[in-house]
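See structure below.
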Amino acid sequence: MADGILAGKVAVVTGAAQGIGLATAQAFATEGAAVGLLDLNEAKAAAAAEAITAAGGRAMAEACDVRDEGSVQAAIAAVAAEYGPVNVGMCNAATLTPTFAIAELSLEDWNQALSVNLTGVFLTSKYLIPQMLSAGGGSIIITASQMARVATPGRGPYCSTKGALLQLAKVIALEHATDNICANTLSPGGVATDRLAKQYGDLERAERDWGPAHPIGRLGQPGEIARAAVYLAGDDSSFMTGADLLIDGGYAAR
Ligand SMILES: NC(=O)c1ccc[n+]([C@@H]2O[C@H](COP(=O)([O-])OP(=O)(O)OC[C@H]3O[C@@H](n4cnc5c(N)ncnc54)[C@H](O)[C@@H]3O)[C@@H](O)[C@H]2O)c1
């Protein structure tokens, strides 16, 4: 771990209690980063941080609601107080959105998606950037989706917020191109996580119903996305900014 490709980095991952965020926090720690796991579910994030620490990594958990500016600011400050200025940030938390056509969608569901998926990433980035300026640089990784490019009926809030994230990353990339701060989106296709289990009833059904929509013929695994996050977090991606890294089993190629 001490000689991993992220040795010396200080990372924050939002939505780190499970799924892609958890796999990424684990991969960052395995590669030598000190990691702050931020999540609404404090108990689950704490258990994950303890498991990383028990395996020889450096990790801490902070309760965080990415919709709440004070909560985001305090959680990022707590990680910096423990490990030093944060220079890797994965803005990954997203809410579950019900499937409704636009004409049937409530304003409440629309606003909930915007507040977590989009405003949450804005707030996390807002408080990561000063950290990275004081660290002398950094990498912001925003988890978008193949749904940022490909629309699906009934998924209006999700597709809209994920599409907006591609633009948000590009703006951050341009604003900080000469500050040694990179900002990119990472866009998974369908990945076997609790999110899909909830959406489809269980993961077997998700695999059966949605796996074949991916030309590779299956859903992705969280670890397959986490490896891409490691690439974006590390120095191997130093010439990459304002880009979208699509890891979707060919979903958006059709
Ligand atoms: N799983 C997929 O098929 C898939 C596909 C494309 C993109 N993504 C994106 O990847 C990311 C992670 O997806 P996942 O499947 O691991 O999700 P998940 O639903 O399994 O986990 C999301 C995590 O975010 C946390 N969270 C929710 N609201 C929060 C808030 N307000 N503040 C802080 N934390 C909050 C949850 O507690 C949970 O731990 C999301 O941005 C999602 O949109 C997922």
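Every number for a ligand or one of its atoms is a count from 1 in the order of the listing.
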Fill in: For atom 27 (C) of ligand 1, the option (of Ala94, Gly15, Ala45) bearing the nearest heavy atom
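Looking at heavy atoms only, Ala94 sits closest to atom 27 (C) of ligand 1.
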Practice prompt. Ignoring hydrogens, just give me the one of Thr193, Leu40, Thr24 whose non-hydrogen atom is nearest atom 28 (N) of ligand 1.
Written response: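 The residue whose heavy atom sits nearest atom 28 (N) of ligand 1 is Leu40.
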Under 3.5 Å between any N/O of [X] and any N/O of ligand 1: does that happen in this structure?
{"X": "Gln18", "answer": "yes"}
{"X": "Trp210", "answer": "no"}
{"X": "Asp39", "answer": "yes"}
{"X": "Ile20", "answer": "yes"}
{"X": "Ser145", "answer": "no"}

Take every heavy atom of [X], measure it against each atom of ligand 1, and state whether any distance is under 4.0 Å.
{"X": "Lys198", "answer": "no"}
{"X": "Ala192", "answer": "no"}
{"X": "Thr95", "answer": "no"}
{"X": "Ser115", "answer": "no"}
{"X": "Gly190", "answer": "yes"}

Distance to 0.1 Å, residue and atom name: give those for the protein heavy atom nearest to [atom].
{"atom": "atom 3 (O) of ligand 1", "answer": "Val191 N, 2.8 Å"}
{"atom": "atom 33 (C) of ligand 1", "answer": "Cys64 O, 3.1 Å"}
{"atom": "atom 17 (O) of ligand 1", "answer": "Arg195 NE, 3.0 Å"}
{"atom": "atom 6 (C) of ligand 1", "answer": "Pro188 O, 3.2 Å"}
{"atom": "atom 32 (N) of ligand 1", "answer": "Val66 N, 3.0 Å"}
{"atom": "atom 43 (O) of ligand 1", "answer": "Tyr158 OH, 2.6 Å"}
{"atom": "atom 40 (C) of ligand 1", "answer": "Asn92 O, 3.2 Å"}
{"atom": "atom 4 (C) of ligand 1", "answer": "Gly189 O, 3.9 Å"}

Practice prompt. Consider only side-chain N and O atoms of Arg195 and Gln18, and report whether a donor and an acceptor are under 3.5 Å apart.
Written response: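 Not at all, the side chains of Arg195 and Gln18 share no donor-acceptor pair under 3.5 Å.
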Please examine the side chains of [Y] and [X], heavy atoms only from C-beta on, and report whether any two atoms are closer than 4.5 Å.
{"X": "Met90", "Y": "Val12", "answer": "no"}
{"X": "Cys182", "Y": "Met240", "answer": "no"}
{"X": "Thr97", "Y": "Asp109", "answer": "no"}
{"X": "Val35", "Y": "Arg58", "answer": "no"}
{"X": "Ile140", "Y": "Ile129", "answer": "yes"}

Indicate yes or no for a side-chain donor-acceptor contact from [X] to the backbone of [Y] under 3.5 Å, with no hydrogens or angles considered.
{"X": "Asp65", "Y": "Leu40", "value": "no"}
{"X": "His214", "Y": "Gly190", "value": "yes"}
{"X": "Glu224", "Y": "Gln221", "value": "yes"}
{"X": "Asp39", "Y": "Ala17", "value": "yes"}

With atoms numbered from 1 as shown, which atoms in ligand 1 lie under 4.0 angstrom from a non-hydrogen atom of [X]?
{"X": "Asp65", "value": "30 (C), 31 (N), 32 (N)"}
{"X": "Lys162", "value": "40 (C), 41 (O), 42 (C), 43 (O)"}
{"X": "Gly19", "value": "16 (O)"}
{"X": "Leu196", "value": "3 (O)"}

Discussion item. Over 60° means perpendicular and under 30° means parallel, so tell me whether Tyr251 and Trp210 are parallel, tilted or perpendicular.
Written reply: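 Rings of Tyr251 and Trp210: perpendicular, as their planes differ by over 60°.
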Item to complete: Identify the heavy atoms of Thr24 and Ala229 that sit nearest to each other, and give their distance.
Response: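 Taking every non-hydrogen atom into account, CG2-CB, 3.6 Å.
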Practice prompt. Grab the two heavy atoms, one from Asn117 and one from Thr161, that are nearest each other, plus how far apart they are.
Written response: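 Heavy atoms only, the tightest pair is ND2-OG1, 3.2 Å.
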Fill in: Rounded distance [0.5 Å steps], CG in Leu232 versus CZ in Arg227
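Rounded to the nearest 0.5 Å, the CG-CZ separation comes out at 12.0 Å.
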Name each donor-acceptor pair under 3.5 Å that joins a side chain in residues 1-8 to protein atoms two or more places apart or in another chain, with its distance.
none

Worksheet item: Using heavy atoms and a threshold below 4.0 Å, how should the contact between Ala144 and ligand 1 be classified: side chain, backbone, both, or neither?
Response: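 The answer is the backbone of Ala144.
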